[in-house]
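Data first, discussion second: the structure below is written as structure tokens.
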There are 2 protein chains.
Amino acid sequence: MGITQPETVQEPKYWQLKSVLSDALDTEFAVGEILPNERDLAARFGVARATLRQALDQLELEGRLQRRRGVGTTVAPPRIGVPVASGPQTWPGEQELWEPVACALAPAPAAVARLLGIGRAEPVHTVRRTHARQGQPVAAQLLYVLPAFVPACDGAAPAGAVLAALGRLAPATGDRTVELGSARAEDARELDRLPGAPVLLVTTRYTAGARTVAVAVDTYRADTCRLTLGDAELLAS
Amino acid sequence: MGITQPETVQEPKYWQLKSVLSDALDTEFAVGEILPNERDLAARFGVARATLRQALDQLELEGRLQRRRGVGTTVAPPRIGVPVASGPQTWPGEQELWEPVACALAPAPAAVARLLGIGRAEPVHTVRRTHARQGQPVAAQLLYVLPAFVPACDGAAPAGAVLAALGRLAPATGDRTVELGSARAEDARELDRLPGAPVLLVTTRYTAGARTVAVAVDTYRADTCRLTLGDAELLAS
DNA sequence: CAGTGGTCTAGACCACTGG
DNA sequence: CAGTGGTCTAGACCACTGC
């Protein structure tokens, strides 16, 4: 007989489970529908809850599911396309989607201070904003602006003044990076997620001449967002 | 006495652990150094291994750690900046970093077929390439090109012909999206990771006139890569 | 209040790496 | 081969949501 019937042997249970569930989501469930609870699902598939959860974790990471404590697990809608063009809010009409939340004059995190080329204790203007789309919070932003660039304010400046200063810089293309991160406690609260949730970190550097004068860190929900870079966000699912 | 001394109470253990470890990484370890094994670490902190692993998972997600089965856990170097400009390999000199791996004429995945506006069974030219930087694999790419755009080949075309056809389109800016995904088995192998590892999915659409004629799906290791969008990748850590 | 997902435990076995 | 990280189990308790 076949000495070798090797394939299909070792594939982790949670990986097979994920495939099965993924197919089921495509065929048997509608967006928004709620799934059976984790204990029932685990029993149905004959695995421990932890194993079932590993599969659900992956599906949530891929934006297929949405879980909420005390409520249940629902089938997620397609990811929302969020334009991330050259200047962050240089788009006409986009400006208004960002809602200022707080404003302060305080030292920036070490990583930001390094980008700005200042000491760790030097205070900078800090503005926190949030971005909603289709009714749900999608991104949290932290803006750090060198005090020298916000005119005539000792102490904390109003958010408007800081934003105006930034607006004058916007056309100057800042470099930009995208990377994976996990939500800090504060951002998680704004995004209606638990701390540690996966997020896409978009870092923008604003320059005046050769100097970096401001840094923006945008924190996007990785489960519900798809960043669109070109002109078109017509990559609908 | 204070009835309320509420703060600091409920923060998950793995979250505190992560902070402690994160600090330790900054101060007590050098890049490439290997940490104590998970069982020892768990014992040292007085938690179960599963809990310790939750913390390590997060740190790995953030690119601070690198774990390899059978070997150990090491401190990861800073993320590699990978330029992601308008056309994917329109950069002079960048072209050579992509190494062709395989080439075929086969049906594309459903999601890609939809973008190309063709049926699920229609075959397209498919090229698989990999991208290495600083000696390690960083991205896997799948190119899908409509047969009508690869001249004079029935059956499978050589990779060169497909790439040449794409080269003629490259300057035409395609739209582009970035989102979080998990590595499929095949990509995971190319990237030297386990299936399911977090990846950044960059999808590029190539158009000729109004028609989408090709689609590229780039799969970047999310733990080791930072995508740079602007001109400069000088955001060194 | 009952029901949900989130955290945690203490074990076990497996797959892989290196000497 | 010994040692590592990866998977899996069967249970427990907690935090949160909604009725």
Side-chain angles (χ1 to χ4, degrees), chain A residues 6-19 21 33-61 64-76 182-183 185 188-189 192-198 223, chain B residues 6-19 21 33-61 64-76 182-183 185 188-189 192-198 223:
Chain A
E7 302 301 342
T8 76
V9 198
Q10 49 241 27
E11 205 170 36
K13 275 191 193 178
Y14 76 89
W15 188 258
Q16 307 170 221
L17 245 185
K18 185 193 144 192
S19 304
L21 288 169
E33 198 168 340
I34 92 173
L35 271 59
N37 73 54
E38 297 185 349
R39 288 162 180 88
D40 285 355
L41 274 181
R44 178 173 319 186
F45 289 108
V47 299
R49 180 150 83 109
T51 305
L52 186 268
R53 276 181 62 80
Q54 253 186 295
L56 294 185
D57 284 345
Q58 286 242 4
L59 290 170
E60 193 180 26
L61 194 83
R64 310 281 317 270
L65 291 180
Q66 209 155 334
R67 293 192 279 184
R68 287 199 308 171
R69 171 152 51 177
V71 179
T73 302
T74 60
V75 180
S182 52
R189 214 178 321 113
D192 189 25
R193 298 251 61 197
L194 292 175
D223 55 342
Chain B
E7 303 300 344
T8 76
V9 196
Q10 50 241 27
E11 204 170 39
K13 275 190 192 177
Y14 77 89
W15 188 258
Q16 305 169 222
L17 246 185
K18 184 193 142 189
S19 304
L21 288 170
E33 196 167 345
I34 91 175
L35 272 60
N37 72 53
E38 299 183 348
R39 289 162 180 86
D40 285 354
L41 274 181
R44 179 175 317 184
F45 289 108
V47 300
R49 180 153 81 110
T51 305
L52 186 268
R53 276 180 62 81
Q54 254 187 294
L56 294 186
D57 284 345
Q58 287 241 2
L59 290 170
E60 193 181 25
L61 194 82
R64 310 280 318 270
L65 291 180
Q66 209 156 333
R67 293 193 279 185
R68 288 201 304 171
R69 171 153 49 175
V71 180
T73 302
T74 60
V75 181
S182 51
R189 214 176 323 115
D192 191 24
R193 297 251 62 197
L194 292 175
D223 55 343

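Every chain is numbered from 1 and lettered A, B, ... according to where its sequence line falls, protein lines coming before strand lines.
In this structure, the side chain to side chain contact (heavy atoms under 4.5 Å, CB included) partners of A:A188, at least two apart in sequence or on a different chain, are A:A183, A:P195. Under the salt bridge (charged side-chain N to carboxylate O under 4.0 Å, His left out) criterion, B:K13 pairs with no residue at all, not counting sequence neighbours. For the side chain to side chain contact (heavy atoms under 4.5 Å, CB included) test, residues two or more places apart in sequence or in another chain that qualify with B:T74 are B:I34, B:Q66.
Taking CG from A:L61 and CG from B:L61, the interatomic distance works out to 7.5 Å, rounded to the nearest 0.5 Å. Rounding to the nearest 0.5 Å places OG of A:S182 at 8.0 Å from CG of B:L59.
Note on B:T73: a side-chain N or O is less than 4.0 Å away from OP1 or OP2 of D:dG5. At the phosphate of D:dG3, neither OP1 nor OP2 sits under 4.0 Å from any side-chain N or O atom of B:N37.
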Between the protein and nucleotides 6-9 of chain C, which nitrogen or oxygen pairs come in under 3.5 angstrom?
unit_1: C:dG6; atom_1: OP2; unit_2: A:R53; atom_2: NH1; d: 2.7
unit_1: C:dG6; atom_1: OP2; unit_2: A:R53; atom_2: NH2; d: 3.3
unit_1: C:dG6; atom_1: N7; unit_2: A:R49; atom_2: NH2; d: 3.4
unit_1: C:dG6; atom_1: O6; unit_2: A:R49; atom_2: NH2; d: 2.5
unit_1: C:dT7; atom_1: OP1; unit_2: B:Y14; atom_2: OH; d: 2.8
unit_1: C:dC8; atom_1: OP1; unit_2: B:K13; atom_2: N; d: 2.2
unit_1: C:dC8; atom_1: OP2; unit_2: B:Y14; atom_2: N; d: 3.3
unit_1: C:dT9; atom_1: OP1; unit_2: B:K13; atom_2: NZ; d: 3.0
unit_1: C:dT9; atom_1: OP2; unit_2: B:A48; atom_2: N; d: 2.9
unit_1: C:dT9; atom_1: OP2; unit_2: B:T51; atom_2: OG1; d: 2.4

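The CG atom of B:L65 sits 15 Å away from the C1' atom of D:dT4 (whole-angstrom rounding). Here the P atom of nucleotide C:dG18 and the CD1 atom of B:I34 are 12 Å apart, to the nearest Å. Between B:D192 atom CG and C:dC16 atom P the separation is 13 Å, expressed in whole Å.
B:T73 places none of its side-chain heavy atoms less than 4.5 Å from the side chain of B:L41. Side-chain contact between A:L21 and A:R64 is absent, with no heavy atoms from C-beta onward closer than 4.5 Å.
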Scan the side chains in residues 49-56 of chain B for donor-acceptor partners under 3.5 Å anywhere in the protein, sequence neighbours excluded, and list what turns up.
unit_1: B:R49; atom_1: NH1; unit_2: B:E38; atom_2: OE1; d: 2.7
unit_1: B:R53; atom_1: NH1; unit_2: B:E38; atom_2: OE1; d: 3.2
unit_1: B:R53; atom_1: NH1; unit_2: B:E38; atom_2: OE2; d: 3.1

Subject >> Canonical and wobble pairing (Watson-Crick, G-U, under 3.5 Å) of DNA chain C, dot-bracket with | >> reply: ||||||||||||||||||.
